[in-house]
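In what follows, a single structure is set out as structure tokens and then discussed.
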Amino acid sequence: MELPGYAQVGALSVVACRMVGMTTPAAEIMDGAAYAQAVEDAVKASAAYYGGGTSALDDDAYDRLVRGIAAWESDHPDQVLPDSPTGKVAGGAVVGDVPHTVAMLSLDNVFTPEEFTAWTASLARRIGHEAQRFSVEPKLDGLAIAARYTDGRLTRLITRGDGIAGEDVSHAIGTLVGLPEKLERPVTVEVRGEVLMTTAQFEHANEVRTAHGGQPFANPRGASAGSLRAKDRAYTVPMTFFGYGLLPLADTDTALAARLGELAHSDLMALTAQLGVNTTATTAVPGIVAATVEETLERVRETAALRAELPFGIDGIVIKADLAADQQAAGSGSRAPRWAIAYKLPAVEKITRLVEVQWNVGRTGIIAPRGVLEPVQIEGATITYATLHNPADITRRDLRLGDHVMVHRAGDVIPRIEAPVAHLRTGDEQPIVFPEVCPRCGSAIDTSQERWRCEQGRNCHLVASLSYAAGRDQLDIEGLGATRIVQLVEAGLAADLADLFTLTRDQLLALERMGATSTDNLLTAIDAAKDQPLSRVLCALGVRGTGRSMSRRIARHFATMDNIRAADADAMQQVEGIGTEKAPSIVAELAELSPLIDRLTAAGVNMTEPGATPPTPTTSDTDTDTEVAADGTDKAVGPLAGMTVVVTGAMTGALEKLSRNQMNELIERAGGRSSSSVSRKTSLVVAGEGAGSKRAKAEDLGIRLASPDEFAALVADFTT
Ligand code: IVH
């Protein structure tokens, strides 16, 4: 996806990923104008990020931008703009009016084991020895907050702001799970930590928000930032607090201050938990103490592996020198401490475009929407589809086709669309159209629940498969459309394909809107269907991987259903287009269908392919259009033997009434192979009226063309 705001500058591009796993590549800034634009966009994005709005840039794009800005500034130190986000807490986007007693700093980042090892080496140089041990914790993806307790009572909540002063958000006291209003001991301390929304809290928050007519938040982070700062909302949404720091409040109990100042980070965390504050100790990724770099890296790997299953978002792992003495020796810069580092994990959220919504019907008849996306890379995987929950959810979130959407994908979980990025709308977005009938079987839809369901429920599949079997290119049973099939299924008269052939006149007459004429016509059509060639019967069975043309090839190859059923995977592979993967699955599925095939046979359904001979060298029948080659495969004969034929445009004359499928059947009866696309392998293109690009392509490639009349003459002996 292009970075918004740079197209007009035309001087910014993304350079190749540094070879550091899945790290963020820097944006390349070519000149001063691009730099100024980049700074403006970064400040805007950062303000949205910390202020609860939805940024036009996802985290990855933002990181890329800031790295580009930093690179340009290091080459042009005299041209650094005062607004630049580099070197500032929160990118300099937010300020507050409550001073922090001790600066609330940010963290520097590393992205690879090598970068992390280099950081530990620089820490060792700074403190004069290897750090004795590290505290390793998840980097919670929310926003930092300072909670001030006086004599054990929660009195004030302050955001990080610019690190020096933050915003008073004390109105949120009582809404943060894990941050008690009263501590277990009457101490005067400041607990620092992260406020976030768990996945469940986020879903709840968006439901409540949209029910109040608001735009949904794009992700849990934005949702917690927005909800924490919102003062006079008609509703409150719960959030969760995790403590990661404990310090004395200035000018209070000096003995306590001295004691806290001496404690290792891991001890401070244990104390925080004892005071009744939530910490990561309660999660699947509790803070641990690691003695070595290798052990730390192992923990990074473990945490990364657990990420997808966590009920809250993390965007990295924070590694801190655990001992107070090591921390003091390392000191802090203006933006970040030198004793801690964030090992960033690859972004799991990206912004891309929703191009289409598909509706898929599950086994139980649930009709589930699925979003088709402009492909986007997340954690090294290309994401093209994402789940959308249900129509009500689409409406609630006001999703539209063409929208920019935030897509979330962690680990192997199915990617999901979080929300539209509404302010990136151009006005060209289109409403998502909901299906009016079941997209699989055409029955009515039960919309009484949030999850829509085909009224046929589990029978939907049966209605769909019977409709397919009765269709024009299969058994071609006129008068047996989806509505009639639904009636038959609901009346318990058709539980599978074979049942259609044993329907009685009385049974049909008993159905609603079924008069004598329609009944007789339907019975005649069903009777006629018994004479369809084997290829169509096979196709009607709906064996996976065997559509119309494959069914024809199998039927022509084996000539009879008995031969098909006798074929093992090796024999099946003799059919053109069936490889080692498809062959066993076709054989297995036919075996499963055995009882059904027996009943169809017993009902008098034809199980032979006219004009085909089985692939046995013993055959004595010479009046056929196939011969058996020495290798046992069938060698087609006939006017089209060895030819690949494409039909395009409308057929006229003797061929006028033939559907495309019937034309393909004719081609194959005459020994040819039908195909739908023109390539160098095509031998002949039958071009009817209105033929367009396929005809043009054939002309370009010098492929032989035939009119419908010429073709009809060529295959005259094979028309039925
Ligand atoms: S320690 C001076 N520990 O990450 C130390 N921060 O990118 C600074 N964060 O501002 C914080 N989980 O909002 C620390 N286990 C953790 C954290 C954590 C998330 C956030 C925090 C901080 C930001 C820096």
Side-chain angles (χ1 to χ4, degrees), residues 24 46 49-50 59 62-63 66 85-94 96 100-111 119 123 134-147 157-164 166-167 169 178 190-197 220-222 224-225 228 239-247 264-266 268-269 272-273 277-283 285-290 296 299-300 303 307 310 312-322 324 326-328 330-345 347:
T24 314
S46 184
Y49 185 87
Y50 289 101
D59 288 2
Y62 178 78
D63 275 1
V66 173
T86 58
K88 291 185 188 145
V89 168
V94 280
H100 290 297
T101 50
V102 176
M104 267 186 105
L105 297 181
S106 191
L107 289 168
D108 286 333
N109 299 326
V110 292
F111 295 88
W119 174 78
L123 175 65
F134 296 104
S135 162
V136 192
E137 298 168 346
K139 186 171 186 301
L140 304 148
D141 195 9
L143 68 162
I145 204 169
L157 288 184
I158 308 144
T159 64
R160 186 173 66 166
D162 64 356
I164 306 298
E167 213 178 312
V169 288
E190 182 167 297
V191 181
R192 289 184 176 179
E194 203 80 349
V195 171
L196 52 73
M197 277 190 194
R221 226 209 130 274
S224 24
L228 188 67
M239 292 177 272
T240 300
F241 179 86
F242 285 99
Y244 56 63
L246 179 68
L247 47 154
H265 177 73
S266 50
L268 285 172
M269 285 299 90
T272 305
V277 175
N278 188 40
T279 68
T280 58
T282 55
T283 71
V285 283
I288 60 139
V289 172
T296 306
R299 183 61 181 171
V300 168
T303 309
R307 184 188 197 184
L310 295 175
F312 49 82
I314 63 168
D315 59 344
I317 291 98
V318 182
I319 299 124
K320 301 168 183 170
D322 192 43
D326 285 352
Q327 291 190 0
Q328 277 149 21
S332 292
S334 64
R335 195 191 89 93
R338 297 197 186 89
W339 45 265
I341 196 84
Y343 191 121
K344 290 287 283 261
L345 293 175

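These values consider heavy atoms only, across backbone and side chains, with no hydrogens, waters or symmetry-generated copies. Start at 1 and go down the list; that is how both ligands and their atoms are numbered. Just so it is clear, the structure is predicted and the values come from calculations on it, not from any experiment.
Remark: F242 pairs with F312 by the ring pair (Phe, Tyr, Trp, His ring centres under 6.0 Å) rule, at least two apart or across chains. Remark: E190 pairs with T101, A146, R148, R192, L247, L249 by the side chain to side chain contact (heavy atoms under 4.5 Å, CB included) rule, at least two apart or across chains. For T303, there are no side-chain hydrogen bond (donor to acceptor under 3.5 Å, both in side chains) partners, not counting sequence neighbours.
Here the side chain of H100 pairs a donor or acceptor atom with the backbone of T159 at under 3.5 angstrom. With hydrogens and angles disregarded, no donor-acceptor distance shorter than 3.5 Å links the side chain of D322 to the backbone of A264.
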Do any nitrogen or oxygen atoms of ligand 1 lie under 3.5 Å from a protein nitrogen or oxygen, and which ones?
unit_1	atom_1	unit_2	atom_2	d
ligand 1	3 (N)	K320	NZ	3.0
ligand 1	4 (O)	K139	NZ	3.2
ligand 1	7 (O)	K139	NZ	3.2
ligand 1	10 (O)	R160	NH1	2.7
ligand 1	12 (N)	L140	N	3.0
ligand 1	13 (O)	E194	OE1	2.6
ligand 1	13 (O)	E194	OE2	3.4
ligand 1	13 (O)	Y244	OH	3.2
ligand 1	15 (N)	E137	OE1	2.8
ligand 1	15 (N)	P138	O	3.2

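E167 contributes atom CD, which lies 11.0 Å from atom CD1 of I158 (distance to the nearest 0.5 angstrom).
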